[in-house]
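Presented below is the structure to which this report refers.
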Amino acid sequence: MKTKITTAALLAVLSIRASAVVNIDYVTVGNVGNAADTTVMTTDGTTGYGSVAYSYQIAKNETTISQYAEFLNAVAKTDSYGLYSTNMTESWINGVSRSGTSGSYTYAVNPGSENKPITNVSWFDAARFCNWLHNGQQTGEGAALTAEIGAYTLNGATSGIVSKNVNATVWIPSENEWYKAAYYDPSKNAGAGGYWLHANQSDTMTTNDIGVAGAANYLDANGYAVYTGSGAGTWSITDVGAYGANSDSYYGTNDQAGNVWEWNDAVIIDEEFLPFPLRGARGESFGSPYGDDLPSTYRNYDDPNAQTNSVGFRVAAAIPEPTTGLLAVLGLFPLISRRRKA
C-alpha cells in the first residue's frame with residue numbers, strides 16, 4: 001500500500017539527524033548552450049542529443065557499492081520497495097550482503113567491493129537514492145520517508161513515469177546531460193566545439209587494457225572484460241575510475257564508456273518490446289561483446305523496474321548556490337505534483 005508523504009511528516013523526519021557520509025565527487029559541465037550532436041544517428045534512428053542550456057554537475061564516477069550500502073542502512077531497515085537485491089552478492093561482484101529480519105535489516109559491503117559500481121538497481125532505486133541525497137542523507141527512525149519525496153515525488157511509486165521536480169538538487173541525469181558530459185568537447189573543431197564518438201576523448205575504441213589511453217571495460221574477442229597482460233584477463237566490473245585519466249571524458253568523468261550501463265531520465269515508448277514506458281540507459285557494460293555498444297550511436301533502454309547485473313547509475317546535481325534556504329535545499333514543495341542488455 002502506498003503511503004502519502006506529507007510536508008509536515010518529512011519536516012519531522014529531517015529534525016532527527018543527517019549523517020552526510022556519502023561524498024560524491026562531482027565535475028562541473030559548463031559551456032552553456034552548446035549545439036546538439038547531429039553528426040551521428042543512433043541505433044533507434046534518432047539524433048540531436050547533448051545540447052544543455054545551463055551549467056550543472058555530474059558525478060565523476062558511477063555510484064559505488066559502498067555509497068549505496070550507506071543508503072540501504074539509512075532507509076531500508078524494512079525495505080518496502082525492494083532497494084536491495086540478493087543478486088548484489090553474485091560471486092564476480094562480491095557486493096553487499098543483508099542480514100537480520102524485516103524492520104531491522106543491516107547491510108555490509110563485502111571486502112574488495114567498496115569501489116565497484118553498484119548494479120542490480122532499478123531506475124526507481126536510483127531515484128530514491130537521489131531523494132535521500134537531496135534531503136541531506138538522513139538516518140534513524142523515519143529516514144525511509146526521505147527517499148519518497150524531494151528530487152522525485154514517489155510516495156511509494158514503483159511503476160509509471162515520475163518526472164524530476166524543478167527544485168531538485170540531485171537527480172538521475174537527463175539523456176542530454178549524460179551525453180554532453182560523456183562526448184562533448186568545446187575545444188574540438190578549432191574551438192567551435194564538437195563531439196567524440198566515445199566517452200574517452202577518442203573516435204576509436206581499441207582495447208580494454210588498463211593503463212592504455214582510451215581503453216574501457218568491455219568484453220573483447222578473447223572473452224575478457226579487463227585485459228591484464230600476457231594473454232590473461234578477467235570478466236568483471238572494475239573499481240570506478242580504474243582506467244584513470246587516460247580514459248576520461250573532456251569534463252573528467254570516468255567509465256561513461258564500459259564497466260556498467262547507466263540509467264538516464266529518458267522516457268521511451270517501444271511497443272515492439274514492452275507495452276509500457278521504458279527508461280534510457282547508455283555507456284555499455286563489461287559484458288557487452290566487442291565494444292559494439294560503446295559509441296554515442298548506441299541508445300539502450302529497459303523496464304524502469306528491472307534490476308540487472310550490468311546496470312548501475314551516476315547522479316547529477318545543481319551547481320551549489322552561495323547561500324541556500326531550507327526549502328530550497330529540501331525541495332519540499334515540488335511544482336510538478338527493451339532492448340537487449342548484456
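Since this is a predicted model, take the numbers as computed values, not measurements. These numbers come from the heavy atoms of this one structure, side chains and all, not from hydrogens, waters or symmetry mates.
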Out of curiosity, does [Y] fall in the hydrophobic cluster containing [X] (side-chain heavy atoms, cut-off under 4.5 Å, transitive links)?
| X | Y | value |
| --- | --- | --- |
| Tyr105 | Val21 | yes |
| Ile65 | Trp261 | yes |
| Val121 | Val109 | yes |
| Trp132 | Val315 | yes |
| Leu197 | Val212 | no |

Nearest 0.5 Å please: distance from the [atom1] atom of [X] over to the [atom2] atom of [Y].
| X | Y | atom1 | atom2 | result |
| --- | --- | --- | --- | --- |
| Trp263 | Asn300 | CH2 | CG | 8.5 Å |
| Thr297 | Asp44 | OG1 | CG | 10.5 Å |
| Asn217 | Asp209 | CG | CG | 11.5 Å |
| Ser296 | His198 | OG | NE2 | 8.0 Å |
| Ile118 | Ile237 | CD1 | CD1 | 8.0 Å |
| Ser51 | Asp37 | OG | CG | 10.5 Å |

Problem - Intermediate values then yes/no, side-chain contact (heavy atoms from CB on, under 4.5 Å), Val52 and Val29 - result: CA-CA 9 Å; Val52 182; Val29 181; over 6 Å; no
Heavy-atom donor-acceptor pair, [X] side chain to [Y] backbone, under 3.5 Å:
| X | Y | answer |
| --- | --- | --- |
| Ser247 | Gly244 | no |
| Trp123 | Asp303 | no |
| Thr47 | Val40 | yes |
| Lys60 | Gly241 | no |
| Gln201 | Asp248 | yes |
| Asn208 | Leu219 | no |
| Ser113 | Gly95 | yes |
| Tyr152 | Ile172 | yes |
| Glu148 | Gly156 | yes |
| Thr78 | Ser80 | no |

Taking the six-membered ring for Trp, are the ring centroids of [X] and [Y] within less than 6.0 Å of each other?
| X | Y | answer |
| --- | --- | --- |
| Trp171 | Tyr56 | no |
| Tyr195 | Tyr179 | yes |
| Tyr183 | Tyr49 | no |
| Tyr84 | Tyr107 | yes |

What pair of heavy atoms forms the shortest contact from [X] to [Y], and how long is it?
| X | Y | value |
| --- | --- | --- |
| Pro304 | Ser122 | O-CB, 3.2 Å |
| Asn200 | Thr204 | ND2-O, 4.2 Å |
| Leu83 | Met88 | O-CE, 3.5 Å |
| Ala257 | Ala216 | O-CB, 3.5 Å |
| Lys164 | Ala168 | CG-CB, 3.7 Å |
| Asn264 | Glu175 | OD1-CB, 3.9 Å |

Is there side-chain contact between [X] and [Y], with heavy atoms separated by less than 4.5 Å?
| X | Y | answer |
| --- | --- | --- |
| Asp292 | Tyr298 | no |
| Tyr81 | Val75 | no |
| Ile319 | Thr28 | yes |
| Pro277 | Ile269 | yes |
| Trp178 | Glu262 | yes |
| Gln67 | Ile24 | yes |
| Arg299 | Arg282 | yes |

When you check the side-chain N and O atoms of [X] and [Y], is any donor under 3.5 Å from an acceptor?
| X | Y | result |
| --- | --- | --- |
| Asn87 | Gln307 | no |
| Ser66 | Thr64 | yes |
| Asn120 | Tyr68 | no |
| Ser97 | Asn110 | yes |
| Thr238 | Asn259 | yes |
| Ser99 | Thr106 | yes |
| Asn176 | Ser174 | no |

Practice task
In sequence, state the C-alpha distance, the side-chain angles, and the governing distance for Ile58 and Lys180, and then conclude on side-chain contact (heavy atoms from CB on, under 4.5 Å).
Solution key: CA-CA 10 Å; Ile58 194 166; Lys180 180 177 180 177; over 6 Å; no
Practice task
Just jot down the salt bridge (Lys or Arg N to Asp or Glu O under 4.0 Å) partners of Glu62, sequence neighbours excluded, or say none.
Solution key: none
Handout entry: For Glu177, all residues meeting salt bridge (Lys or Arg N to Asp or Glu O under 4.0 Å), sequence neighbours excluded
Key = none
Practice task
Please lay out, stage by stage, how Thr253 and Arg314 fare under the test side-chain contact (heavy atoms from CB on, under 4.5 Å).
Solution key: CA-CA 10 Å; Thr253 59; Arg314 74 180 67 216; 3.8 Å; yes
Handout entry: Test log, rule salt bridge (charged side-chain N to carboxylate O under 4.0 Å, His left out), inputs Arg279 and Asp265
Key = CA-CA 6 Å; Arg279 289 287 191 170; Asp265 224 7; 3.0 Å; yes
Exercise for the section: Verify side-chain contact (heavy atoms from CB on, under 4.5 Å) between Val22 and Phe71, making sure each step is shown before the conclusion. Expected result: CA-CA 8 Å; Val22 171; Phe71 163 66; 5.9 Å; no
Practice task
Measure up the Phe313 and Phe129 rings against each other and bin them: parallel (under 30°), tilted (30 to 60°), perpendicular (over 60°).
Solution key: perpendicular
Practice task
Answer yes or no: is there an ion pair linking Asp79 with Arg98, defined by an N-O contact shorter than 4.0 Å?
Solution key: yes
